There are 4 protein chains.
Amino acid sequence: MIDSAWASFYNDNVMYLGEVMIIYSRENEISTDSQNKRQQILEAAYVVFSRKGFHRATVDEIIALADTGKGTVYNYFVNKEQLFYTLIKERSTPFEQILSEIAKTGLPPLDKIRAMVKVFLQFYSDNADLWRVLMHELRGLGSEGYSSFSEEQQEKYQQRFRDTIGLLQVVFQEGITQGVIRECDTNRVAYGLFSVIVMMVFQHLVGDDVEATANEITSVFFYGVGQ
Amino acid sequence: MIDSAWASFYNDNVMYLGEVMIIYSRENEISTDSQNKRQQILEAAYVVFSRKGFHRATVDEIIALADTGKGTVYNYFVNKEQLFYTLIKERSTPFEQILSEIAKTGLPPLDKIRAMVKVFLQFYSDNADLWRVLMHELRGLGSEGYSSFSEEQQEKYQQRFRDTIGLLQVVFQEGITQGVIRECDTNRVAYGLFSVIVMMVFQHLVGDDVEATANEITSVFFYGVGQ
Amino acid sequence: MIDSAWASFYNDNVMYLGEVMIIYSRENEISTDSQNKRQQILEAAYVVFSRKGFHRATVDEIIALADTGKGTVYNYFVNKEQLFYTLIKERSTPFEQILSEIAKTGLPPLDKIRAMVKVFLQFYSDNADLWRVLMHELRGLGSEGYSSFSEEQQEKYQQRFRDTIGLLQVVFQEGITQGVIRECDTNRVAYGLFSVIVMMVFQHLVGDDVEATANEITSVFFYGVGQ
Amino acid sequence: MIDSAWASFYNDNVMYLGEVMIIYSRENEISTDSQNKRQQILEAAYVVFSRKGFHRATVDEIIALADTGKGTVYNYFVNKEQLFYTLIKERSTPFEQILSEIAKTGLPPLDKIRAMVKVFLQFYSDNADLWRVLMHELRGLGSEGYSSFSEEQQEKYQQRFRDTIGLLQVVFQEGITQGVIRECDTNRVAYGLFSVIVMMVFQHLVGDDVEATANEITSVFFYGVGQ
DNA sequence: GATGAATGAGTATTCATTCAT
DNA sequence: TATGAATGAATACTCATTCAT
């Protein structure tokens with residue numbers, strides 16, 4: 001069975017797509033001693049932001065957890081906002097890299113989508129709390145702005161999302177070209193698929209078997225729920 | 001054509017589903033003189049909350065627009081949070097009523113779903129700004145809480161959403177029973193459909209012809225994008 | 001003797017120039033009950049600013065002395081800077097009015113200057129502490145700005161000083177026209193006279209007899225220290 | 001003409017008063033290699049303090065300009081305050097020496113004053129920015145202290161000013177004794193003259209021809225503006 | 001019922017100084 | 001000597017809510 005053949009494996013640095021091994025590097029992987037405090041702060045920030053959200057997370061709480069002085073935070077990060085952004089960037093970069101790798105393989109479009117959905121589910125499940133916070137802040141898109149983030153920063157995040165969803169869209173287009181997907185508005189479909197993934201994660205509807213959930217989502221998108 | 005037969009019409013108080021007219025009442029519809037101030041406040045609050053979000057909307061701005069005193073707000077509403085809730089409740093009640101009415105009709109499940117999707121799209125499009133704000137605040141679900149809302153209040157909102165999505169789920173179940181929809185996790189599917197609707201609205205992917213968009217969404221859900 | 005004829009009297013509201021009585025009004029003179037807190041804050045601010053300077057004066061200290069809440073300060077004044085400005089404005093307005101009145105009288109230029117110098121000495125002696133603070137902040141004139149004040153606010157203050165010194169200049173010009181003062185750069189002379197007045201006050205070189213000091217300063221300016 | 005005979009010349013190390021050449025030494029003039037960093041820091045500090053004032057000048061900015069490490073600053077100077085003081089002291093010492101030399105010459109008092117006024121004007125014009133900053137900080141004299149300087153440090157500066165102005169006072173007294181200046185409060189007159197000099201410099205009222213301005217100031221002080 | 005003056009809790013950021021290497 | 005990572009004290013301002021009139 002093709003489906004079962006996809007015994008892929010995912011961790012922070014390597015991902016197997018069948019026999020194809022995709023390796024990706026992480027920024028700041030090597031923590032020199034001088035980067036010690038920086039890492040402590042990032043880890044503490046991850047915890048506090050995840051728990052409290054951006055606005056209600058206080059720098060005081062972060063430094064208490066990081067066991068560092070307040071000034072140290074500002075030696076490494078220009079402000080609270082950029083500290084949060086660093087957290088997001090460092091985590092999403094390898095994720096975006098994998099998605100991009102998958103999109104570039106020669107796999108059939110349906111298999112690509114299935115693989116990508118799985119990566120999405122896995123990544124958002126792993127980082128649910130922090131991404132929930134991020135999306136919370138990004139809801140202000142287009143409105144006069146009720147986010148805690150600056151306009152420029154928001155735009156950066158939005159662009160990351162657009163790029164990521166764009167990867168899905170390209171594969172859908174590929175499917176149409178190859179005749180395995182019917183003519184449709186690929187932008188809408190990509191956003192639709194993305195929204196379902198996010199909803200499954202945030203509503204805790206992803207089972208322990210991520211692959212099964214990915215297959216189900218993909219299946220509904222391809223074949224519908226109709227009999 | 002059955003589809004084209006669905007020339008439904010929607011306004012604040014009446015909705016036509018083909019020939020069936022569904023009438024629903026609104027709370028506080030009759031503004032006695034003494035309810036005058038209350039209405040002015042609600043209307044001003046709608047504008048300010050929609051524009052600024054919950055956190056950044058100030059009571060000062062609301063009373064300036066409502067042309068009333070600050071104390072008056074607290075005569076009618078226990079606090080800013082409950083003022084917001086009242087706004088949501090008054091607007092969603094008729095909407096939920098219509099959905100409920102549709103669910104109760106004897107229409108085939110697929111037609112029900114299609115009609116419901118259309119009502120969803122129409123309602124969220126009409127109230128996009130305020131509901132964006134609401135959903136912004138509800139992202140905190142489950143976490144220690146980074147919402148501006150109290151736990152209790154959040155639960156109330158969540159319950160409304162669950163009930164509404166539950167209506168979709170029931171119809172999916174109906175479809176399975178009637179053999180027009182294949183076996184699936186109706187809860188997941190209902191949430192999936194809901195998430196797509198919301199995403200389309202908030203990403204401005206709903207065209208001028210709401211019915212067409214509703215049909216497209218429904219179509220993908222039933223028949224998939226596969227060839 | 002003309003000099004001794006100048007038995008002028010100065011208090012907050014009335015000034016006698018020989019037989020001529022000059023009356024001037026003060027803003028906010030009538031403290032209604034509702035202006036009570038405002039006055040308390042202004043009085044406390046006067047004390048704290050005089051004692052600590054602008055930068056080192058804290059709002060906390062002001063409210064402690066005014067026996068009021070922090071928010072109340074911000075109900076009456078947009079910020080600390082504008083609170084300070086209000087203090088200066090309310091005090092300098094009557095002072096500037098008197099100077100202006102003197103400049104408009106038909107007195108001989110030398111007598112005008114003498115009278116004005118006296119008013120200057122009296123006013124700056126009465127308000128030495130606060131004006132020392134003001135001038136402290138204004139020293140940044142022209143430089144990239146090391147004042148605590150905003151550019152706009154600084155310009156307002158500077159303009160007040162320029163206008164005031166301008167009154168002296170006009171009288172000097174008058175004296176030249178009338179042939180009692182020799183041709184000279186009236187701008188420089190006016191600034192020179194002003195600087196001497198300020199220096200006398202801030203170095204505590206003004207004796208108890210303000211009139212005598214005024215006469216001495218005027219005398220040196222008119223006749224020099226030469227034998 | 002005696003006046004025109006005073007073709008004095010002023011630079012950092014030598015000053016000519018007519019035929020009399022006054023030479024003065026500078027501290028730390030010889031920069032050994034080990035004094036290299038110290039000089040770099042002083043020069044950078046001069047620039048930054050002049051531009052930003054004492055409070056807004058940061059050690060970070062100074063070390064960036066001096067191309068040195070932060071700790072190095074504290075190897076040579078106990079703190080920011082003493083760094084500033086060193087700057088002032090090194091620059092004012094030769095200036096005070098010249099004034100002192102002039103005061104000691106056998107010139108007539110009026111000529112001495114005229115020469116001293118010129119030196120004052122020249123020196124403060126050359127160092128306007130830094131001295132503006134110094135005087136900015138010294139305004140706190142006598143008050144609880146709103147200066148960035150410590151009480152002790154302020155007293156040191158004040159003493160320098162007092163000593164310098166004292167030189168003027170001595171010459172005035174000399175003039176009185178010699179009968180060329182009328183009886184007057186020499187302390188007040190010296191401070192008055194000093195204040196005029198400073199005001200002229202800071203208000204940019206000193207023309208290109210410093211000597212002419214010096215003559216004009218002296219002239220007004222001796223003969224008055226009266227006709 | 002309507003009003004609005006009074007209140008105070010809550011928080012990000014800067015920068016001089018230290019001290020281990 | 002030279003360095004620079006780590007530190008923490010210090011402070012203005014907003015805005016929902018109350019309550020006396």
Side-chain angles (χ1 to χ4, degrees), chain A residues 33-38 40-41 55-63 66-81 83 148, chain B residues 33-38 41 54-63 67-83 148, chain C residues 33-38 40-41 55-63 66-81 83 148, chain D residues 33-38 41 54-63 66-81 83 148:
Chain A
D33 280 355
S34 75
Q35 293 290 297
N36 210 17
K37 286 282 174 187
R38 185 176 182 279
Q40 286 175 40
I41 292 167
H55 183 70
R56 292 173 53 150
T58 67
V59 176
D60 278 325
E61 201 172 349
I62 293 172
I63 62 169
D67 191 34
T68 184
K70 196 172 286 201
T72 311
V73 172
Y74 290 88
N75 284 340
Y76 290 108
F77 308 95
V78 294
N79 53 25
K80 188 181 161 188
E81 191 176 350
L83 169 57
S148 302
Chain B
D33 280 355
S34 74
Q35 292 291 297
N36 210 16
K37 287 282 176 188
R38 187 176 181 280
I41 293 168
F54 185 80
H55 183 70
R56 291 172 54 149
T58 66
V59 176
D60 276 323
E61 202 171 349
I62 293 171
I63 62 169
D67 192 33
T68 185
K70 195 175 287 196
T72 311
V73 172
Y74 291 88
N75 286 338
Y76 290 109
F77 309 95
V78 295
N79 55 24
K80 188 182 164 188
E81 191 177 352
Q82 193 254 346
L83 167 59
S148 302
Chain C
D33 280 356
S34 75
Q35 292 290 298
N36 210 17
K37 286 283 175 187
R38 186 176 181 279
Q40 287 174 39
I41 292 168
H55 184 70
R56 294 174 51 152
T58 67
V59 176
D60 278 326
E61 201 172 349
I62 292 171
I63 62 170
D67 191 35
T68 185
K70 195 173 287 199
T72 310
V73 172
Y74 291 88
N75 283 340
Y76 290 108
F77 309 95
V78 293
N79 54 25
K80 188 181 161 188
E81 191 176 351
L83 169 57
S148 302
Chain D
D33 279 356
S34 74
Q35 292 291 295
N36 210 18
K37 286 282 175 189
R38 186 177 181 280
I41 293 167
F54 183 80
H55 183 70
R56 294 174 51 151
T58 66
V59 176
D60 276 323
E61 202 172 349
I62 292 171
I63 63 169
D67 193 33
T68 184
K70 197 175 286 198
T72 311
V73 172
Y74 290 87
N75 286 338
Y76 289 109
F77 308 95
V78 295
N79 55 23
K80 187 182 165 187
E81 190 177 351
L83 168 58
S148 301

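Everything quoted here is computed from the prediction, not taken from an experiment. To find a chain, count down the sequence lines: A is the first, B the second, and so on, and within it residues start at 1.
Atom-to-atom, CZ of C:F77 to P of F:dT14 comes out at 15 Å; the value is rounded to the nearest Å. Atoms CG (C:L83) and C1' (F:dC13) sit 13 Å apart, rounded to a whole Å. Straight-line distance from the CD1 atom of C:I63 to the P atom of F:dT11: 13 Å, rounded to whole Å. For the pair D:N79 CG and E:dT18 P, the interatomic distance rounds to 8 Å; values are reported in whole Å.
For B:Y76, a side-chain nitrogen or oxygen approaches OP1 or OP2 of E:dA2 to under 4.0 Å. Contact between the side-chain N/O atoms of A:K37 and the OP1/OP2 oxygens of F:dT7 is found at a separation under 4.0 Å. Phosphate contact (OP1/OP2 of F:dT17, side-chain N/O of B:Y74, threshold under 4.0 Å): present. Contact between the side-chain N/O atoms of C:T72 and the OP1/OP2 oxygens of E:dT7 is found at a separation under 4.0 Å. The side chain of A:T68 contributes an N or O atom lying less than 4.0 Å from OP1 or OP2 of F:dT7.
Of the two residues near DNA chain F, B:G71 and A:G71, the one whose nearest nucleotide lies more 5' is A:G71. Residue order along DNA chain E, read from the 5' end via each residue's closest nucleotide, puts B:D67 first among B:D67 and C:V73. Nearer the 5' end of DNA chain E, as judged by each residue's closest nucleotide, is the contact made by C:K70, out of A:E81 and C:K70. When each of C:A57 and A:G69 is assigned the nucleotide of DNA chain F with its nearest heavy atom, A:G69 is the one assigned upstream, toward the 5' end.
Side-chain contact between D:K80 and D:L83 is absent, with no heavy-atom pair separated by less than 4.5 Å. Between B:I63 and B:T72 the shortest side-chain heavy-atom distance does not fall below 4.5 Å.
Judged by distance alone, the side chain of A:K37 and the main-chain N or O of A:D67 form a donor-acceptor pair under 3.5 Å.
Residue A:T58 is in sugar-phosphate contact alone, with no base atom involved, counting any heavy-atom pair closer than 4.0 Å across all strands shown. Residue contacts shown for A:A66 are absent, as no nucleic acid heavy atom lies under 4.0 Å away. Across all strands shown, B:K80 has heavy atoms under 4.0 Å from sugar-phosphate atoms exclusively, and none from any base. A:D60 comes within 4.0 angstrom of nothing in the nucleic acid, heavy atoms only.
For F:dA20, the paired nucleotide is E:dT3, the pair qualifying as Watson-Crick or G-U wobble because both relevant distances are below 3.5 Å.
Residue-to-nucleotide contacts include no donor-acceptor pair under 3.5 Å from the side chain of A:N75 to the base of F:dA5.
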